Amino acid sequence: MSPYAAGRRSVHRSVAAGVPLALLAALAVAGTAVGAPSGEARVTGSATLGDIPLGTFSNALLPGTVGDDRSVDLGGIGSDIYPAGRKGEFWTVTDRGPNGQIKVAGGKRRTFPVPGFDPAIVKIRVSGGTVKVLDAIPITTSSGKPVTGLSNQKGRDEAPYSYDAKTPLSYNPNGLDTEGIVRAEDGSFWLVDEYGPSLIHVSARGKILTRYVPKGLALTGADYRVVEALPAVLLHRKINRGFEGLAQLPGGELVMAVQSPLSLPDTDAGEASLTTRLLRFSTKKRAVTAEYAYRFDPVNVVDPSEDDTSELKISSVVAVGRDRLLVEERTDKAARLQVVKLTRGADVLGDKWDDDTTSPSLEQLDDPAASGVPVLRKRLVVDLGAVKGVPGKIEGVARVDHDTLALINDNDFGMTDGPEAFDAQGRLVDSGIETTVTYVRLPRGI
């Protein structure tokens, strides 16, 4: 990416809509297919998002929100990707914004270098080797204020700090760490969040209509409607590992994926576990209607270079039929896509596994099926780690057609962890990782 003062593009606003309809990001890359033996999955195209100053982007949506973007460009839109209808067009969503970790006095502090950043829904078009921003919708509270990406609750979420980890920032009950996105038939959006974890219903213009959170969360002070409608067991989600995947089934029902196993009964159990959970939500009943146990493959199967089980995550789920789901198991370096069928007999909602006093917990079972848990059966579709040309940290997957997937990576706004992420002037030392949309063809389809 370019330095803050050089080669950065201006953002034009639509007079009619008052939001950018063309944020004009372009950076050409090779859009040709990467060679692969006949009969194997292969990359058929790749496109990259160019440099858009984060301050310019954010202030065009909500003037005055970002005073200093510290040379950070727009990124993080790879949190998810969802088809927008026209060929090559997709809805994406940013996460909570630029953030990192710095060790201080033996502990790690969560930094927010651009605390005024407001998560946004971003519509993109892939054209040749270029990703262009067509539209952007800021996510706002009921009164139209930015939600920000700041931590919600003291004692439950990581304490927020300035870019250098020296100055504490205020918690914000409105804050969201948005991840998955789907668009409903009425034009509204559904998003998932890692803080609550929560499911958020957002209007077509980005205003939060309702945020659904676990029972007992007691989130107070939010400037929008909060409903405790999710199982209380989700209060045990691992920090920064709430909901990350979201799928919309035919008919409008939603499926949410908890990114990692719950910390139940404690952190050690969650770190060692291979069992996470999927939840089905009825948008008509506004309630969870089913819960499923999902079992990861061993970490060294997903990623042969990794031996830490806690690195396993679900980052994307995609509906591929009435009750069929494509599930992405990943580490930061590799990913595998599995297909599961959501059968009625696999539902564990309201069972003893939702009781956090059950011992051993679902997460502690070495073989859940042997203990009578109806774990979802799965079938491997593709090992993306073995497909030449697929970047790391794929967080979004969209089905383009029967044979083709669109993948998008999370570039973390070009940030790295540690004090070296910024120079002596407080300007970002960019990682050089770009936001990329990659098309992969599956010879046998899904």
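These numbers were taken from a predicted model, which means no experiment stands behind them. Excluded from the calculations below are hydrogen atoms, water molecules and symmetry mates; all remaining heavy atoms, backbone and side chain alike, are included.
Remark: the N172 side chain and the T148 side chain contain an N/O donor-acceptor pair separated by less than 3.5 Å. Neither side chain, E363 nor T275, offers a donor N or O lying under 3.5 Å from an acceptor on the other. Counted by atom type alone, T404 and R441 present zero donor-acceptor pairs between their side chains at under 3.5 Å. Checked by atom type, the side-chain pair E329/Y294 shows a donor-acceptor distance below 3.5 Å. A side-chain N or O of S198 and one of R211 form a donor-acceptor pair less than 3.5 Å apart. The closest side-chain donor-acceptor pair between T289 and R280, if any, does not fall under 3.5 angstrom. Between the side chains of T331 and K313, not a single donor N or O lies within less than 3.5 Å of an accepting N or O.
The pair K132-E89 fails the salt-bridge criterion, with no side-chain N (NZ, NE, NH1 or NH2) lying under 4.0 Å from an Asp/Glu carboxylate O. Electrostatic pairing of R379 and D297 does not count as a salt bridge here, judged by no charged N lying under 4.0 Å from a carboxylate O.
For F117 and F112, the gap between ring centers reaches or exceeds 6.0 Å. Ring to ring, F281 and Y212 are close: their centroids are under 6.0 angstrom apart.
Judged by the 6.0 Å distance and 45° axis criteria, R125 is not positioned over the aromatic ring of F90.
Across K108, R110, R241, K238, a single residue satisfies salt bridge (Lys or Arg N to Asp or Glu O under 4.0 Å) together with E158, and that is R110.
N99 contributes a side-chain N or O that, together with a main-chain N or O of G97, makes up a donor-acceptor pair within less than 3.5 Å.
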